[in-house]
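Since the structure comes first, as C-alpha coordinates, the remarks are kept for the end.
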Amino acid sequence: MADRRVNREVLTILFLCILWYLTSSSSNVVGKMLLSDFPYPMTVTMVQLTSITVYSGPFFDLWGVRKATSEITWGYYYRLIVPLAIGKFMSNVFSHVSIWKVPVSYAHTVKATMPLFTVILSRVILKEKQTYRVYMSLVPIIGGVAIATLTELSFNMTGLLSALVSTMGFSLQHIYSKKVLHETGVHHLRLLFILGRLALIMFLPIWLIYDARSLLHDPVLNGPTGLNHKVVALLVLDGVLNWIQNIVAFSVLSIVTPLTYAVANASKRIFVIAVTLFILGNPVTGLNVFGMTMAIMGVLFYNKAKYDQRQVKLQEPLLPSNALHIQNGGSSYKVNGWTNSKKAQWYAV
(Lines give C-alpha, C1' and ligand atoms only; values in the text may rest on other atoms or scores of the structure.)
Protein backbone atom coordinates (compact mmCIF):
# COMPACT_ATOMS: atom_id res chain seq x y z
CA MET A 1 0.00 0.00 0.00
CA ALA A 2 2.85 2.36 0.83
CA ASP A 3 4.54 1.68 -2.52
CA ARG A 4 1.26 2.30 -4.34
CA ARG A 5 0.82 5.61 -2.56
CA VAL A 6 4.38 6.69 -3.41
CA ASN A 7 3.96 5.67 -7.06
CA ARG A 8 0.66 7.55 -7.27
CA GLU A 9 2.28 10.65 -5.79
CA VAL A 10 5.21 10.46 -8.23
CA LEU A 11 2.83 10.11 -11.19
CA THR A 12 0.78 13.06 -9.93
CA ILE A 13 3.86 15.25 -9.65
CA LEU A 14 5.06 14.15 -13.09
CA PHE A 15 1.67 14.93 -14.65
CA LEU A 16 1.52 18.34 -12.95
CA CYS A 17 5.05 19.22 -14.08
CA ILE A 18 4.32 18.31 -17.71
CA LEU A 19 1.10 20.37 -17.59
CA TRP A 20 3.03 23.22 -15.94
CA TYR A 21 5.69 23.20 -18.68
CA LEU A 22 3.09 23.13 -21.48
CA THR A 23 0.94 25.93 -20.06
CA SER A 24 3.96 28.05 -19.15
CA SER A 25 5.55 27.81 -22.60
CA SER A 26 2.17 28.43 -24.27
CA SER A 27 1.55 31.43 -22.01
CA ASN A 28 4.96 32.88 -22.87
CA VAL A 29 4.45 32.44 -26.62
CA VAL A 30 0.98 34.00 -26.48
CA GLY A 31 2.25 36.78 -24.20
CA LYS A 32 5.06 37.67 -26.59
CA MET A 33 2.69 37.68 -29.59
CA LEU A 34 0.25 39.85 -27.65
CA LEU A 35 2.77 42.38 -26.34
CA SER A 36 4.39 42.74 -29.77
CA ASP A 37 1.10 44.18 -31.13
CA PHE A 38 -0.35 45.48 -27.88
CA PRO A 39 2.37 47.15 -25.74
CA TYR A 40 0.42 47.39 -22.49
CA PRO A 41 2.06 45.09 -19.91
CA MET A 42 -0.09 46.55 -17.11
CA THR A 43 -3.28 45.69 -18.98
CA VAL A 44 -2.03 42.15 -19.61
CA THR A 45 -1.37 41.85 -15.86
CA MET A 46 -4.83 43.27 -15.13
CA VAL A 47 -6.49 40.68 -17.37
CA GLN A 48 -4.53 37.88 -15.71
CA LEU A 49 -5.46 38.98 -12.18
CA THR A 50 -9.09 39.35 -13.27
CA SER A 51 -9.01 35.84 -14.74
CA ILE A 52 -7.72 34.38 -11.45
CA THR A 53 -10.43 36.23 -9.49
CA VAL A 54 -13.36 35.49 -11.82
CA TYR A 55 -12.59 31.86 -12.67
CA SER A 56 -11.23 30.64 -9.33
CA GLY A 57 -14.24 31.20 -7.05
CA PRO A 58 -16.88 29.17 -8.96
CA PHE A 59 -14.38 26.57 -10.17
CA PHE A 60 -12.93 25.91 -6.71
CA ASP A 61 -16.41 25.68 -5.17
CA LEU A 62 -17.44 23.21 -7.87
CA TRP A 63 -14.23 21.24 -7.34
CA GLY A 64 -14.83 21.08 -3.59
CA VAL A 65 -11.73 23.00 -2.53
CA ARG A 66 -12.11 23.76 1.17
CA LYS A 67 -12.75 27.33 2.24
CA ALA A 68 -9.99 29.48 3.69
CA THR A 69 -9.60 29.15 7.44
CA SER A 70 -10.88 32.01 9.58
CA GLU A 71 -8.10 31.49 12.12
CA ILE A 72 -5.70 33.77 10.22
CA THR A 73 -5.37 36.92 12.31
CA TRP A 74 -5.55 40.38 10.78
CA GLY A 75 -2.00 41.02 11.97
CA TYR A 76 -0.77 37.94 10.11
CA TYR A 77 -2.86 38.94 7.09
CA TYR A 78 -1.30 42.40 6.85
CA ARG A 79 2.17 41.12 7.68
CA LEU A 80 2.34 38.33 5.07
CA ILE A 81 -0.73 38.05 2.81
CA VAL A 82 -0.85 41.71 1.74
CA PRO A 83 2.89 41.89 0.88
CA LEU A 84 2.50 38.62 -1.06
CA ALA A 85 -0.34 40.14 -3.10
CA ILE A 86 1.69 43.29 -3.80
CA GLY A 87 4.63 41.14 -4.84
CA LYS A 88 2.35 39.14 -7.13
CA PHE A 89 1.17 42.02 -9.29
CA MET A 90 4.55 43.81 -9.21
CA SER A 91 6.39 40.66 -10.32
CA ASN A 92 3.83 40.02 -13.07
CA VAL A 93 4.07 43.58 -14.42
CA PHE A 94 7.87 43.52 -14.58
CA SER A 95 7.82 40.02 -16.07
CA HIS A 96 5.56 41.25 -18.87
CA VAL A 97 7.75 44.30 -19.44
CA SER A 98 10.78 42.02 -19.83
CA ILE A 99 8.98 39.75 -22.32
CA TRP A 100 7.81 42.85 -24.21
CA LYS A 101 11.29 44.38 -24.46
CA VAL A 102 13.52 41.32 -24.98
CA PRO A 103 13.11 37.80 -26.45
CA VAL A 104 11.42 35.26 -24.16
CA SER A 105 14.51 33.02 -24.26
CA TYR A 106 16.72 35.83 -22.94
CA ALA A 107 14.17 36.88 -20.30
CA HIS A 108 14.09 33.32 -18.94
CA THR A 109 17.88 33.13 -19.00
CA VAL A 110 18.00 36.22 -16.79
CA LYS A 111 15.36 34.64 -14.54
CA ALA A 112 17.81 31.78 -13.99
CA THR A 113 19.45 34.15 -11.48
CA MET A 114 16.65 33.27 -9.03
CA PRO A 115 19.03 31.18 -6.84
CA LEU A 116 21.24 34.27 -6.43
CA PHE A 117 18.30 36.29 -5.12
CA THR A 118 17.13 33.35 -3.02
CA VAL A 119 20.53 33.04 -1.31
CA ILE A 120 20.65 36.78 -0.59
CA LEU A 121 17.04 37.02 0.60
CA SER A 122 17.31 33.85 2.71
CA ARG A 123 20.40 35.32 4.37
CA VAL A 124 18.69 38.65 5.07
CA ILE A 125 15.21 37.38 5.99
CA LEU A 126 15.79 33.92 7.44
CA LYS A 127 19.41 34.46 8.64
CA GLU A 128 20.32 31.29 6.74
CA LYS A 129 23.97 30.63 5.94
CA GLN A 130 25.00 28.61 2.90
CA THR A 131 27.83 26.17 2.29
CA TYR A 132 30.86 26.94 0.15
CA ARG A 133 29.49 24.71 -2.64
CA VAL A 134 26.22 26.66 -2.74
CA TYR A 135 28.09 29.94 -3.16
CA MET A 136 30.34 28.43 -5.84
CA SER A 137 27.31 27.18 -7.78
CA LEU A 138 26.25 30.81 -8.25
CA VAL A 139 29.37 31.53 -10.33
CA PRO A 140 28.24 29.69 -13.51
CA ILE A 141 24.76 31.24 -13.13
CA ILE A 142 26.14 34.77 -13.02
CA GLY A 143 28.71 33.97 -15.72
CA GLY A 144 26.15 32.38 -18.02
CA VAL A 145 23.71 35.29 -17.71
CA ALA A 146 26.59 37.74 -18.32
CA ILE A 147 27.63 35.90 -21.50
CA ALA A 148 24.02 35.71 -22.71
CA THR A 149 23.62 39.43 -22.02
CA LEU A 150 26.78 40.47 -23.86
CA THR A 151 25.89 38.35 -26.89
CA GLU A 152 22.14 39.07 -26.98
CA LEU A 153 21.32 40.51 -30.40
CA SER A 154 18.10 42.15 -29.18
CA PHE A 155 19.47 43.49 -25.87
CA ASN A 156 17.43 46.12 -24.05
CA MET A 157 18.37 47.58 -20.66
CA THR A 158 14.74 48.03 -19.59
CA GLY A 159 14.08 44.38 -20.42
CA LEU A 160 17.12 43.24 -18.44
CA LEU A 161 16.27 45.29 -15.34
CA SER A 162 12.61 44.26 -15.48
CA ALA A 163 13.56 40.57 -15.67
CA LEU A 164 15.86 40.98 -12.65
CA VAL A 165 13.20 42.79 -10.59
CA SER A 166 10.53 40.21 -11.44
CA THR A 167 12.93 37.40 -10.55
CA MET A 168 13.60 38.94 -7.14
CA GLY A 169 9.84 39.29 -6.62
CA PHE A 170 9.16 35.68 -7.53
CA SER A 171 11.95 34.57 -5.16
CA LEU A 172 10.23 36.36 -2.29
CA GLN A 173 6.88 34.86 -3.28
CA HIS A 174 8.26 31.31 -3.25
CA ILE A 175 9.79 31.75 0.20
CA TYR A 176 6.74 33.34 1.82
CA SER A 177 4.06 31.31 -0.02
CA LYS A 178 5.54 28.10 1.36
CA LYS A 179 5.74 29.72 4.80
CA VAL A 180 2.06 30.80 4.70
CA LEU A 181 0.88 27.41 3.42
CA HIS A 182 2.76 25.63 6.16
CA GLU A 183 1.85 27.93 9.06
CA THR A 184 -1.85 28.50 8.31
CA GLY A 185 -2.90 25.21 6.72
CA VAL A 186 -4.86 27.14 4.09
CA HIS A 187 -5.51 25.19 0.88
CA HIS A 188 -2.96 26.18 -1.78
CA LEU A 189 -5.66 27.01 -4.34
CA ARG A 190 -7.54 29.18 -1.84
CA LEU A 191 -4.28 31.04 -1.21
CA LEU A 192 -3.99 31.61 -4.96
CA PHE A 193 -7.57 32.96 -5.02
CA ILE A 194 -6.95 35.22 -2.01
CA LEU A 195 -3.73 36.63 -3.49
CA GLY A 196 -5.24 37.09 -6.95
CA ARG A 197 -8.33 38.92 -5.64
CA LEU A 198 -6.34 41.11 -3.26
CA ALA A 199 -3.74 41.91 -5.95
CA LEU A 200 -6.55 42.86 -8.35
CA ILE A 201 -8.10 45.28 -5.84
CA MET A 202 -4.77 46.96 -5.09
CA PHE A 203 -3.63 47.05 -8.72
CA LEU A 204 -6.89 48.45 -10.14
CA PRO A 205 -6.20 52.14 -9.23
CA ILE A 206 -2.69 51.90 -10.72
CA TRP A 207 -4.07 50.44 -13.94
CA LEU A 208 -6.77 53.11 -14.18
CA ILE A 209 -4.17 55.87 -13.87
CA TYR A 210 -1.61 54.49 -16.31
CA ASP A 211 -3.42 52.39 -18.92
CA ALA A 212 -7.21 52.82 -18.92
CA ARG A 213 -7.28 56.26 -20.53
CA SER A 214 -4.73 55.32 -23.21
CA LEU A 215 -6.71 52.21 -24.17
CA LEU A 216 -9.80 54.28 -25.02
CA HIS A 217 -7.89 56.03 -27.83
CA ASP A 218 -5.49 53.27 -28.87
CA PRO A 219 -5.65 52.66 -32.65
CA VAL A 220 -4.48 49.04 -32.31
CA LEU A 221 -7.32 48.07 -29.97
CA ASN A 222 -9.95 50.41 -31.40
CA GLY A 223 -9.66 50.30 -35.16
CA PRO A 224 -12.03 51.83 -37.72
CA THR A 225 -14.09 48.62 -37.72
CA GLY A 226 -14.34 48.40 -33.93
CA LEU A 227 -12.46 46.30 -31.42
CA ASN A 228 -9.43 44.36 -32.65
CA HIS A 229 -10.75 40.83 -32.16
CA LYS A 230 -7.27 39.27 -32.46
CA VAL A 231 -5.94 41.34 -29.54
CA VAL A 232 -9.03 40.64 -27.43
CA ALA A 233 -8.79 36.89 -28.18
CA LEU A 234 -5.09 36.83 -27.23
CA LEU A 235 -5.85 38.72 -24.01
CA VAL A 236 -8.54 36.20 -23.03
CA LEU A 237 -6.36 33.22 -23.99
CA ASP A 238 -3.38 34.63 -22.09
CA GLY A 239 -5.58 35.12 -19.00
CA VAL A 240 -6.87 31.55 -19.12
CA LEU A 241 -3.39 30.08 -19.66
CA ASN A 242 -1.95 32.13 -16.82
CA TRP A 243 -4.78 31.01 -14.51
CA ILE A 244 -4.15 27.35 -15.30
CA GLN A 245 -0.40 27.84 -14.91
CA ASN A 246 -0.91 29.43 -11.48
CA ILE A 247 -3.14 26.55 -10.35
CA VAL A 248 -0.57 23.97 -11.44
CA ALA A 249 2.41 25.90 -10.01
CA PHE A 250 0.69 26.34 -6.60
CA SER A 251 -0.28 22.65 -6.65
CA VAL A 252 3.32 21.60 -7.28
CA LEU A 253 4.58 24.03 -4.62
CA SER A 254 2.14 22.60 -2.06
CA ILE A 255 3.11 18.93 -2.43
CA VAL A 256 6.88 19.02 -2.96
CA THR A 257 9.81 20.40 -1.00
CA PRO A 258 11.26 23.76 -2.03
CA LEU A 259 14.27 21.93 -3.47
CA THR A 260 12.13 19.76 -5.75
CA TYR A 261 10.16 22.84 -6.78
CA ALA A 262 13.41 24.66 -7.62
CA VAL A 263 14.60 21.74 -9.77
CA ALA A 264 11.22 21.54 -11.53
CA ASN A 265 11.29 25.29 -12.09
CA ALA A 266 14.78 25.10 -13.62
CA SER A 267 13.67 22.28 -15.92
CA LYS A 268 10.60 24.30 -16.89
CA ARG A 269 12.85 27.23 -17.82
CA ILE A 270 14.87 24.99 -20.17
CA PHE A 271 11.63 23.78 -21.76
CA VAL A 272 10.26 27.32 -22.19
CA ILE A 273 13.53 28.59 -23.73
CA ALA A 274 13.64 25.68 -26.20
CA VAL A 275 9.95 26.00 -27.18
CA THR A 276 10.07 29.77 -27.65
CA LEU A 277 13.29 29.59 -29.69
CA PHE A 278 11.65 27.01 -31.94
CA ILE A 279 8.26 28.74 -32.32
CA LEU A 280 9.18 32.43 -32.18
CA GLY A 281 12.53 31.96 -33.91
CA ASN A 282 14.39 34.93 -32.44
CA PRO A 283 18.00 35.05 -33.73
CA VAL A 284 20.69 33.66 -31.40
CA THR A 285 24.44 33.15 -31.66
CA GLY A 286 26.52 30.19 -30.53
CA LEU A 287 27.89 32.17 -27.58
CA ASN A 288 24.37 33.23 -26.67
CA VAL A 289 23.22 29.60 -26.48
CA PHE A 290 26.38 28.73 -24.52
CA GLY A 291 25.55 31.45 -21.95
CA MET A 292 21.98 30.17 -21.60
CA THR A 293 23.19 26.60 -21.13
CA MET A 294 25.83 27.67 -18.61
CA ALA A 295 23.28 29.57 -16.54
CA ILE A 296 20.82 26.66 -16.47
CA MET A 297 23.58 24.19 -15.56
CA GLY A 298 24.54 26.52 -12.72
CA VAL A 299 20.95 26.33 -11.45
CA LEU A 300 21.13 22.53 -11.46
CA PHE A 301 24.49 22.61 -9.59
CA TYR A 302 22.91 24.99 -7.07
CA ASN A 303 20.01 22.61 -6.49
CA LYS A 304 22.41 19.70 -5.91
CA ALA A 305 24.48 21.77 -3.47
CA LYS A 306 21.34 22.78 -1.57
CA TYR A 307 20.22 19.16 -1.40
CA ASP A 308 23.57 18.09 0.08
CA GLN A 309 23.44 20.96 2.57
CA ARG A 310 19.96 19.98 3.69
CA GLN A 311 20.92 16.32 4.12
CA VAL A 312 23.77 17.36 6.42
CA LYS A 313 21.39 19.53 8.48
CA LEU A 314 18.89 16.71 8.86
CA GLN A 315 21.62 14.41 10.19
CA GLU A 316 22.70 16.90 12.87
CA PRO A 317 22.10 15.79 16.49
CA LEU A 318 19.19 17.29 18.41
CA LEU A 319 19.96 20.72 19.76
CA PRO A 320 18.69 22.14 23.07
CA SER A 321 16.09 24.85 22.76
CA ASN A 322 13.10 26.31 24.54
CA ALA A 323 9.59 25.01 23.98
CA LEU A 324 8.98 25.28 20.27
CA HIS A 325 6.19 24.58 17.85
CA ILE A 326 7.41 22.28 15.10
CA GLN A 327 5.41 22.21 11.89
CA ASN A 328 4.91 18.73 10.45
CA GLY A 329 2.80 18.27 7.34
CA GLY A 330 -0.30 20.34 7.99
CA SER A 331 -0.20 19.88 11.79
CA SER A 332 1.70 21.51 14.62
CA TYR A 333 3.09 19.98 17.77
CA LYS A 334 5.18 21.21 20.69
CA VAL A 335 8.57 19.90 21.76
CA ASN A 336 9.99 20.90 25.13
CA GLY A 337 13.73 21.33 25.21
CA TRP A 338 14.85 19.74 21.96
CA THR A 339 14.49 20.37 18.24
CA ASN A 340 16.42 19.75 15.06
CA SER A 341 16.64 21.57 11.75
CA LYS A 342 13.53 19.96 10.21
CA LYS A 343 11.71 23.27 10.10
CA ALA A 344 14.49 24.83 8.03
CA GLN A 345 13.80 22.58 5.09
CA TRP A 346 10.42 24.27 4.48
CA TYR A 347 11.78 27.81 4.34
CA ALA A 348 15.07 27.32 2.50
CA VAL A 349 14.75 27.23 -1.28
Side-chain angles (χ1 to χ4, degrees), residues 13-14 16-32 91-92 94-119 137-149 151-152 154 159-160 162-175 177 241-242 244-246 248-253 256-282 284 288-307 349:
I13 294 172
L14 183 61
L16 288 174
C17 284
I18 293 173
L19 184 59
W20 186 21
Y21 296 178
L22 291 174
T23 54
S24 180
S25 56
S26 301
S27 177
N28 276 275
V29 170
V30 171
K32 184 63 176 179
S91 300
N92 279 15
F94 281 109
S95 180
H96 291 135
V97 171
S98 68
I99 292 175
W100 170 35
K101 292 292 185 179
V102 296
V104 176
S105 56
Y106 175 64
H108 277 268
T109 302
V110 175
K111 289 178 181 180
T113 56
M114 187 174 287
L116 173 63
F117 288 105
T118 301
V119 166
S137 70
L138 300 176
V139 175
I141 297 176
I142 298 171
V145 172
I147 292 172
T149 300
T151 57
E152 177 55 51
S154 305
L160 170 62
S162 298
L164 289 172
V165 172
S166 69
T167 303
M168 182 178 67
F170 285 128
S171 297
L172 279 170
Q173 283 188 68
H174 292 163
I175 292 173
S177 292
L241 287 171
N242 179 263
I244 296 173
Q245 180 188 338
N246 270 277
V248 178
F250 266 72
S251 298
V252 173
L253 181 64
V256 302
T257 64
L259 174 65
T260 304
Y261 184 84
V263 173
N265 202 29
S267 303
K268 184 206 72 172
R269 214 166 293 289
I270 297 172
F271 188 84
V272 170
I273 289 173
V275 169
T276 53
L277 281 175
F278 178 75
I279 295 178
L280 299 176
N282 60 283
V284 291
N288 195 235
V289 173
F290 173 74
M292 293 178 186
T293 305
M294 184 177 175
I296 298 298
M297 290 302 296
V299 174
L300 297 176
F301 291 148
Y302 164 83
N303 291 331
K304 178 62 168 66
K306 287 293 293 182
Y307 173 78
V349 181

Exercise. Decide side-chain contact (heavy atoms from CB on, under 4.5 Å) for L160 and V102; before the verdict, give the C-alpha distance in whole Å, the side-chain angles of both, and the deciding distance to 0.1 Å.
Key: CA-CA 8 Å; L160 170 62; V102 296; 6.0 Å; no
Would Y302 and L116 satisfy side-chain contact (heavy atoms from CB on, under 4.5 Å), going step by step from the backbone distance to the final call?
CA-CA 9 Å; Y302 164 83; L116 173 63; over 6 Å; no
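Residues M168 and S91 have side chains not in contact (no heavy-atom distance under 4.5 Å, counting atoms from C-beta outward). Between P103 and L280 the shortest side-chain heavy-atom distance does not fall below 4.5 Å.
Between the side chains of N282 and S154, no donor-acceptor pair is found at a separation under 3.5 Å. Of the N and O atoms on the side chains of S25 and K268, not one donor lies less than 3.5 Å from an acceptor on the other residue.
To the nearest 0.5 Å, the span separating OG on S98 from OH on Y106 amounts to 10.0 Å. Distance check: S105 OG to R269 CZ gives 12.5 Å after rounding to the nearest 0.5 Å. For the atom pair CE (M294) and CZ (F301), the distance works out to 10.0 Å, reported to the nearest 0.5 Å. Interatomic distance, OG1 of T23 versus CG of L16, reported as 10.0 Å (0.5 Å rounding). In this structure, the separation between OH on Y21 and OG on S26 is 14.5 Å, given to the nearest 0.5 Å. With rounding to the nearest 0.5 Å, the separation of OG in S267 from CD1 in I296 is 9.0 Å.
H96 places a side-chain N or O within donor-acceptor distance of the main-chain N or O of N92, the cut-off being under 3.5 Å. In this structure, the side chain of T276 engages the main chain of I273 through a donor-acceptor pair within 3.5 Å.
Contact detail for F170 and S95: the closest heavy-atom pair is CE1-CB, 4.2 Å. The shortest heavy-atom contact between N28 and I99 is OD1-CD1, 3.3 Å. In this structure, T109 and A295 approach most closely via the heavy-atom pair CG2-CB, 4.3 Å. Across all non-hydrogen atoms, the minimal contact from K111 to A163 is CG-O, 4.3 Å. When every heavy atom of L164 is checked against every heavy atom of F117, the shortest pair comes out as O-CZ, 3.7 Å. Contact detail for A148 and N288: the closest heavy-atom pair is O-ND2, 3.0 Å.
Each of T118, I142, L138, V145 was scored for a side-chain contact (heavy atoms from CB on, under 4.5 Å) with T113, with one residue passing: V145.
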